[in-house]
Amino acid sequence: MRYVIVGTGAAGATAARTIKRMDRDGEVVIIGDERFFPYNRYLLTEFLSGAVSAAELFHTSEEFFEAMDIRLRKGQAVERVYPNDKTIRFAHNEVMSYDRLLIATGRSPSLGPVLRPYAKLIQRYYTFEDILLIQKRLPEVREVIVSGRGLSALDLIQGMYRVGKKITYITRGQAIDVSTVESHLMGDLDSALAEREINFVHDDRIVAIECVDNRYLVKTFQGKELWGDLVFAWDNYTPNVGCLRNTGIEVKTGILVDLRMRSSAPEVYAAGDCVEIYHPTLKNYWINFGWPNAVEQGRIAGKNMAGDNEEYQIHETTLFNILGKPLEARWWD
Amino acid sequence: MSLLTKRHVIEGLQRAKTNKAQQHRDVLPTWCPGCGHFTPLQGVYEATERLNIHPKNLVLVSGIGCSGRFPFFVKGFGFHSLHGRGIPVATGIKIARPELTVVVAGGDGDGVGIGGGHFPHAARNNIDITYLLLDNSIYGLTKGQVSPTSPFGMISATTPYGNIGYPLNPSTLALTYGATFVARVFSRDRDECTEMVTQAIAHKGFSFVHVLSPCVEFNKFVTYGSIRETIAPLPSDYVPDDHVHAIQYAESASPVYHGVLFKTAKPTYSDHMQTVFEKMKGSPTN
Amino acid sequence: MSETSDALFVAEPERAHLTSTDVLDRKWIDVNIPCKAACPVMTDVPGYIQAILEGDFETAYKINRRDNVFPHSLGRVCNRPCEPACRHGREGLGEPVAICHLKRASADFGYTPLDLEIVPNGKKVCVVGAGPAGLTAANDLAIKGYQVVVLEQYDEPGGMLRYGIPQFRLPYDVVAADVKSITDLGVEIRCNQRIDSEAQIELLKREYDAVILSGGCMLPSSVKLPGMDAHGFYWGLDFMMQANRELLNDIKLNKVVVIGGGFTAVDCTRTSYRLGASEITLAYRRTKDKMSAGEPEIDCMEEEGIEMEFLVSPVEILAKDGKVTGIRLVRNRLEEGKPVAIPGSEFVIECDAVIMAIGQTNEDLPGTKEVPEVNEVPQKDNFFLAGDFRNGSGTVIEACADGRKVARRAHQYLSGIKGYQDVVHIEEIKLDQLPRTREDDFIPLTTMPHIPVSERLAKNREVETGYTRELAQNEARRCYLCHYNFQIDIDRCIYCMACIDAMPVDCIKLAKDIDVGADGSLRYVSAAHWEEAQAITIDNDKCIRCGNCVRACPVDCISISKYTLETVEVE
Amino acid sequence: MKPPSSTSLASPSKPAGGTKAKRRDISVRFCGIAGDGVVTCGRILAGACASLGLDLMVNDIFSAEIRGKGKSTTTVRFSSRIVHSMGDGVEVLVGLAGKESIEEIKDVRPGGCVIYGSSIPGDLPEDDSLAAHVPPNIHGFGVPLRKLANQATGSNQGKNIVAMGALCYLYSLPQEAFIEQLRKNFGRKSSRALEVNIKAFTLGFEYCKEHYPLSFELEVLDTLEPRPLYTGNDALAHGALDWGLKFFAGYPITPATKIMEICAKELPKNGGWTIQVEDEIAAISNVMGAFFAGKRAMTSTAGPGLSLMSEMIGLAVMAEIPAVIVDVQRGGPATGMPTKVEQGDLNIALYGGAGDCPRVVMAPSTVRECYTGIQLALDLAEKYQTPVIFLSDLFLGQRMVTTSIPKRVERDRCTRKKPFPGELGTYERFKITEDGVSPLLIPGEEGGFYTITGLEHTPSGNPNFESNVHSMMTEKRYRKMKAMCVDLPPADVLGDKDALIGIVTWGSTLGSVVEGMELAREQGVKSKVLKSIMINPQHEDSFREFFASSARIIVPEVNYEGQYAALLKSRYGIQPVEMHISAVDPVSPAKIANRIIEVQDELTH
């Protein structure tokens with residue numbers, strides 16, 4: 001039995017470990033498109049600010065994969081899944097077969113049609129490689145511009161604040177837009193931002209970016225012109241489902257799965273930030289939220305792939321510490 | 001080039017399947033894509049199929065060089081010997097086992113260069129072997145040095161100021177050495193090449209096919225294009241039975257004629273051996 | 001056989017060529033010129049793109065004018081079934097060629113009045129409805145020498161082109177230009193003439209040698225929801241027609257919800273934006289990739305700040321004092337690909353206008369239900385039905401295709417010809433006649449210039465400004481020109497694999513056999529081992545027409561030929 | 001010297017928080033099928049690194065095929081320190097041919113990287129996929145080599161240059177140095193060739209910049225001067241050309257052909273001539289004819305050619321005709337492994353031929369010695385009227401290194417022992433002398449006549465088969481070998497002079513031995529090595545002294561039977577530790593070091 005896992009994040013790595021524990025002789029291949037050993041993405045900000053060491057960031061190592069007899073293929077992207085042939089195709093055209101497949105590709109920041117043309121001017125803040133590149137650039141950076149929604153914006157602001165940068169935050173609404181955070185905590189958050197002298201541009205969005213003399217000029221819909229040494233911007237965090245396009249596997253924003261983490265194609269499972277899971281009491285599909293949920297989904301997917309039959313129980317809340325404020329974030333509105 | 005409909009393509013493939021030549025293949029040729037040697041190779045496949053020669057009775061012998069690989073690509077028994085030594089090896093095989101079909105494939109350097117001393121003797125003795133001389137006028141395996149058939153003035157790695165020697169004409173050599181079947185073909189024409197190889201193998205006696213087989217990798221002087229400009233078929237009324245006439249036509253440089261230059265029936269070395277054997281029959285064995 | 005209108009417009013140069021009616025060659029076109037095969041009217045896409053590439057915009061226009069009648073309009077609003085089919089868009093090869101934008105360029109720079117010799121045949125045909133189907137039929141019949149009269153119920157001809165599509169996508173004068181090129185052929189259009197009774201039709205049938213009814217499809221789909229009578233509720237097409245007749249200019253819109261996923265739905269959101277709405281939401285029952293609207297239009301919509309909500313269906317329109325106050329929606333889950341409502345998942349979006357843009361149905365005109373299908377065209381004696389009126393709501397190009405089909409049927413009926421036949425012309429092409437180089441395959445897609453977002457509140461200002469000649473030629477260079485057929489002559493091949501060495505993609509392989517499908521399609525059975533390979537073959541479906549193999553072949557056994565299709569009359 | 005310039009770094013093996021040391025010693029291996037342009041890659045990278053002042057060594061390993069299945073690799077090792085050998089393992093593997101490169105991955109060091117083509121057309125089976133074989137402790141970088149090459153050149157050619165661009169970015173090497181090399185390589189062909197290659201390079205560079213922005217960094221010393229690059233074959237040919245060579249005859253054979261090609265190009269410039277003859281038999285005949293006529297002449301070949309020449313070498317000994325025969329050794333016997341290295345021709349060089357057949361045998365150890373050594377060979381041949389067999393090898397001949405060569409130019413050099421005017425009139429071609437060397441009159445000079453022959457002869461050259469004549473003449477021919485010791489350089493001792501472990505080796509193996517000794521010294525074990533270009537005859541005293549000062553002798557050489565050890569044992573009566581390295585690739589310094597340490601352990605226990 002060959003289990004192939006696409007994605008080395010929390011869900012993928014947990015699934016690999018779970019499968020291997022249940023099926024010692026099964027062949028487990030785990031594929032990731034980043035060229036580093038799997039790490040905890042939620043600690044990147046801590047790592048950037050020096051609060052967390054590389055050793056703490058990386059939750060796996062060469063020895064781990066060797067000891068578990070799991071074959072890791074890193075730095076290699078899967079381009080397409082062929083559920084009828086039970087094969088996957090890599091970006092480098094290699095075709096690999098599987099008996100059971102887990103898609104755990106996570107999600108990543110995406111740019112809409114307005115920002116897309118400026119992609120090369122926008123610094124991404126998502127992978128370990130991004131962080132290393134930012135570290136390289138940091139000495140020449142004084143001011144940064146952030147435009148994006150959700151908790152990740154707060155996380156980024158926190159990171160930039162800790163390394164001592166002046167921050168301008170552009171948001172479409174009136175206030176910082178974090179729908180997952182308890183509304184009574186929002187006030188705390190606003191004051192925390194205010195204390196830190198963050199330049200808040202509300203009811204606005206970026207419409208153009210230019211690079212002038214190694215600095216960036218950002219133009220907004222309202223006609224403002226802002227300068228920064230780094231620009232971070234995204235429109236949404238979207239599940240990475242490119243490899244499933246036109247495969248017949250059902251995808252809304254994320255991959256639609258049932259409580260056993262099965263997708264609509266036989267022998268294809270999905271878990272973590274790339275899925276939308278159907279919740280019978282909520283009567284809707286929901287996108288995963290947070291590291292613990294991803295770990296749990298990976299564990300359930302792994303168990304079911306190895307022949308068990310277990311249903312996923314949702315972790316409803318997650319605790320975050322942002323700018324010194326403990327925030328309880330819920331999985332849904 | 002005639003226009004082809006899709007129907008023609010399907011019919012072409014059916015023809016390829018029914019003539020069964022492809023089943024004489026062995027390993028995938030390692031020659032450069034576009035190499036002229038593919039054509040006589042295809043010729044050997046088709047000829048042995050047409051002549052109904054069972055692979056077990058077929059021996060392919062070669063020397064060194066790109067052409068030296070030939071035996072590996074044909075189903076049958078192969079002997080890849082040393083540089084220029086293909087013909088004597090083949091002679092030994094043929095004398096020991098006259099019932100075998102023996103084909104030697106060699107290049108221009110192998111045949112009229114290092115092994116040039118062997119070629120005349122196999123020819124004059126009319127050893128019943130077929131010698132395919134795959135002439136690309138270059139040393140290909142050593143990456144492009146002048147060869148004995150390279151034209152005057154040709155620049156190569158070892159003639160950086162131009163070749164100041166004159167080329168040999170292997171067809172003429174074969175005629176003067178006494179070969180009893182001499183033909184010349186161009187790798188561009190698969191049909192004719194197959195026909196010539198078939199006739200050569202069928203011929204009793206030393207048969208020689210001079211294949212103009214360009215090296216696409218190293219020879220920038222003798223190319224498909226340059227040969228095309230000078231080559232022409234023998235006149236339709238040409239009869240290949242006059243030795244002097246044949247030498248004249250073989251020597252012609254413009255045009256360079258292709259087709260059967262000379263063909264004559266003459267007892268082979270084996271025939272003479274048989275005569276001696278017959279004569280010795282009944283003699284006391286001391 | 002005699003030539004039909006296909007050959008009338010564009011003069012082809014004389015080259016060595018042969019013609020074939022073999023199904024294998026006919027099928028080759030379907031498989032290998034995917035853009036042409038995907039086009040309902042089989043537009044000669046590589047033909048006109050090659051003309052643009054060579055700078056001959058006039059020929060490009062004429063090819064379009066011949067094949068799809070409305071190059072100006074379709075160059076802007078066609079739903080482009082050709083582009084997803086384009087070989088350049090396949091995995092690993094990049095983006096499809098912007099075929100539609102090039103069509104527009106052919107009209108922008110190549111428009112020229114037609115100079116056709118039409119021999120009148122003395123027969124008269126009446127077409128009811130001056131939409132794409134009716135006008136196409138009128139066009140085709142006029143070229144065959146019929147005297148054609150078109151009756152139109154509204155003020156101006158054009159049908160959906162005129163009334164169903166907003167001006168910022170398709171300005172009126174553009175539609176008018178296409179219509180004029182048809183009236184130039186002698187077609188007479190009478191506006192404000194509504195035909196809505198059996199008696200009227202009977203009268204026409206007697207007055208004319210043939211009557212074609214192509215009244216379109218304007219009635220909204222019959223969905224009934226509570227609250228539809230409230231002020232602030234619109235049907236999508238109705239909304240567009242009112243807007244296009246400048247009847248909504250004084251309306252106050254603030255929060256708008258548009259239901260639907262087609263072109264009309266997207267047009268409604270963008271029109272609302274221009275009418276001053278501040279919060280616009282598009283709600284669709286399926287997912288984004290299932291939307292039938294075009295990706296460029298959806299991108300423009302997003303640029304204009306319009307929000308989207310997927311997997312939701314409307315349940316009820318909420319109203320207070322006869323005015324719309326919101327809409328209740330229910331979430332869907334997909335079951336076997338179909339959206340199914342999730343009980344108990346309802347929610348409300350507050351709004352002051354709801355636009356239902358979920359498709360149209362045709363008018364129930366007396367006496368038309370009984371017309372039977374004769375040879376796939378609805379016909380009873382000299383009475384024919386065409387376009388959306390018969391087939392239900394479809395795209396412009398589908399309507400044109402149907403108009404053409406009906407015109408051919410009518411001509412066959414009136415002239416007594418036996419029918420039509422497809423003929424493939426195979427023309428020899430020399431290597432040096434290939435107009436492209438391999439480098440051209442790496443030219444990135446030429447983006448369509450747009451006016452900036454900040455200038456889009458002007459309601460009728462066209463958003464796409466069109467390619468320049470240079471941009472068009474640059475984009476044309478990207479086209480693989482799939483009408484070229486590259487083929488190895490198996491009888492002359494020496495199996496040297498020079499072509500395989502030179503191939504840029506996985507297009508040449510060793511084959512052990514060719515399977516011929518029942519439909520005439522060819523499938524090469526690849527050989528796993530050298531020993532079983534019978535031939536080296538070019539898989540034309542993967543071939544990107546770069547010519548590398550022809551250049552590499554030492555024995556010149558690879559030929560290039562150009563395949564063109566013509567439909568001729570059989571007498 | 002300024003300290004190395006230093007900026008931040010991302011270490012690939014430890015992704016973060018690891019050591020901050022920059023790479024200072026890197027090996028890059030390009031692997032492709034012949035025709036992929038592997039060699040060009042090596043030349044460009046080497047050229048660029050040499051222009052930056054780095055020390056380097058390049059080694060090519062070819063298959064004998066031109067195209068098709070055959071694989072070839074080029075490895076470039078460059079460093080800001082001295083490079084003695086190819087070392088062990090590589091840092092970077094560039095897989096121009098994916099499938100063929102798979103087996104090379106085992107040589108990639110942990111933390112190193114593999115650059116593979118990601119646009120191979122068709123379905124790539126897992127077994128054939130280079131990427132599938134990259135273990136997690138090595139970085140894999142997919143680059144669409146074929147696609148970008150197509151974009152740049154319109155064909156599949158240029159993958160190698162795309163890969164160069166990728167490498168240049170990934171290792172933060174200065175782009176200009178590479179562009180300059182492209183200019184040198186392609187600028188002469190046509191402006192289009194240069195243009196498309198620069199485009200290919202830039203596409204590879206930009207691709208990595210976009211997709212793999214995080215690059216590795218290399219220590220480049222600011223003060224380093226650009227270095228010249230030579231192969232052993234280059235150095236050898238130029239050494240001969242600078243030292244009076246006037247005639248060359250040869251026959252193409254891998255890996256010696258290059259020497260003939262250089263001579264073909266250069267000799268006519270100084271009134272000399274090169275002829276490519278029909279075989280090695282003809283080649284040695286021509287050389288002997290030219291020397292007979294008074295011109296310095298040479299041929300070059302490999303083992304098979306030397307075998308063919310054996311008969312003529314016998315004639316040269318017997319007829320006392322000078323000849324210089326360069327044997328660039330490859331794997332044997334017979335056709336053997338034309339593109340692989342082996343030191344297996346020592347025995348045929350020493351003993352090949354009929355009868356008592358003394359000849360000079362020399363073996364250079366470095367590229368520099370190829371230059372100086374061939375000059376000595378020409379001098380000895382001419383002065384002592386003897387064939388000299390000069391044993392280079394494929395590794396020494398074809399690898400490219402940065403080295404400084406002290407030019408010595410004497411285009412009309414002549415070491416011929418001319419007859420005194422008083423001898424003229426009674427001239428004897430094979431006159432018995434104290435050193436065995438007879439004065440030599442050449443055709444065209446006045447004073448006497450003679451006929452040389454392969455038959456045994458008297459001092460005047462007349463055939464004679466009497467026992468005492470044969471003894472006398474044989475003794476004369478051997479006496480020349482003793483006499484020439486006055487002209488021989490002494491053997492050198494390298495390493496720790498006081499070490500008890502002594503190593504004697506020959507040919508190109510010396511480089512790996514020196515590096516192996518350094519590795520052993522890092523582990524606290526001292527050793528020394530005796531370096532001598534002469535195999536026969538030798539400075540026997542310096543050898544005896546070296547043996548006396550060593551407790552154990554190690555003799556490493558790349559052949560199965562220990563040919564040099566056998567010579568040393570019989571000549572000096574020693575009992576060495578023999579290392580018979582069966583290698584087709586460069587000798588591993590680590591293996592040498594291990595052996596030194598083992599021997600040390602044996603000594604202490």
Side-chain angles (χ1 to χ4, degrees), chain C residues 87-88 90-95 431-432 434-445 477-478 480 494-511 524-530 533 536-554, chain D residues 32-37 65-70 96-100 117-125 127-129 131 142-162 165 191-204 206-207 210-211:
Chain C
R87 186 165 276 117
H88 209 317
R90 293 195 187 164
E91 225 166 280
L93 296 178
E95 306 256 9
L431 183 62
D432 55 16
L434 284 183
R436 312 178 68 242
T437 64
R438 174 76 177 121
E439 284 88 333
D440 295 344
D441 298 342
F442 300 95
I443 298 172
L445 180 72
R477 281 170 66 200
R478 299 181 63 237
Y480 290 149
I494 59 168
Y495 303 86
C496 73
M497 287 163 285
C499 49
I500 292 180
D501 191 52
M503 72 183 184
V505 295
D506 187 25
C507 49
I508 308 181
K509 40 181 77 105
L510 301 173
Y524 294 97
V525 185
S526 52
H529 304 288
W530 170 240
I536 296 179
T537 55
I538 299 175
D539 185 343
N540 289 148
D541 193 28
K542 290 201 171 153
C543 168
I544 58 173
R545 279 72 170 161
C546 67
N548 279 0
C549 56
V550 184
R551 284 179 205 104
C553 179
Chain D
I33 50 177
D36 274 344
E65 316 288 342
I66 303 292
R67 283 280 281 270
K69 296 268 150 60
L96 295 175
K99 188 180 172 185
E100 286 73 11
S118 62
S119 56
I120 298 161
D123 288 353
L124 184 62
D127 287 346
D128 294 352
S129 165
V143 180
L145 302 176
R146 194 177 176 113
K147 193 172 162 186
L148 297 177
N150 264 270
Q151 185 170 350
T153 68
S155 72
N156 288 340
Q157 292 189 342
K159 285 189 294 184
N160 55 340
I161 306 298
V162 174
S191 61
R192 166 156 168 91
L194 177 62
E195 188 187 310
V196 298
N197 278 292
I198 289 181
K199 189 170 169 197
F201 179 86
T202 312
L203 285 172
E206 293 297 329
Y207 182 89
E210 186 178 341
H211 292 84

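We use all heavy atoms of the structure for the numbers below, so side chains are in, but hydrogens, waters and symmetry mates are not. Lettering follows sequence order; numbering is per chain, from 1.
For chain C, no part of D/S119 is nearby; none of its heavy atoms comes within less than 4.5 Å. With a threshold of 4.5 angstrom between heavy atoms, D/A149 does not approach chain C through any atom at all. Residue contact with chain D, scored on non-hydrogen atoms closer than 4.5 Å, involves the backbone and the side chain of C/M503 alike.
Nearest heavy-atom pair, C/D501 versus D/N156, reported as atom, atom and distance to 0.1 Å: O-ND2, 3.3 Å. Closest approach of C/P504 and D/P121 over heavy atoms only: O-CG, 4.4 Å.
For the set C/N548, C/D506, C/D440, the count of heavy-atom pairs under 4.5 angstrom toward chain D peaks at C/D506.
Not a single donor-acceptor pair under 3.5 Å links the side chain of D/N150 to the backbone N or O of C/E439.
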